[in-house]
Amino acid sequence: MRCICPYCSKATRQVKNLSGPNFCPYCHGLFNIRPQEKVPPWILGVLVVLAGNLQIMV
């Protein structure tokens, strides 16, 4: 998994540790990975409607 260290902002590739903190090989800091939030379905619906309106206008 690719994650970004919150201290040095460098991207690292490592296995996601769900039971504890992850280790950054650059700054040697420990950090927890926040769970990724999913896009709400209503936002996708709005994007579909806007794309449809754009196709109709052109």
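Every residue meeting the side-chain contact (heavy atoms from CB on, under 4.5 Å) condition with Y7, not counting sequence neighbours, appears here in chain and number order: C5, C27, F31. Residues satisfying the side-chain contact (heavy atoms from CB on, under 4.5 Å) criterion with V39, sequence neighbours excluded, are I43, L44.
V46 and L54 fall into different hydrophobic clusters, where Ile, Leu, Val, Met, Phe, Trp and Tyr are joined by side-chain heavy atoms under 4.5 Å apart, directly or via other members.
Here the closest heavy-atom approach between residue C8 and residue Y26 is recorded as SG-CB, 4.2 Å.
Interatomic distance, T12 OG1 to I4 CD1, rounded to the nearest 0.5 Å: 9.0 Å.
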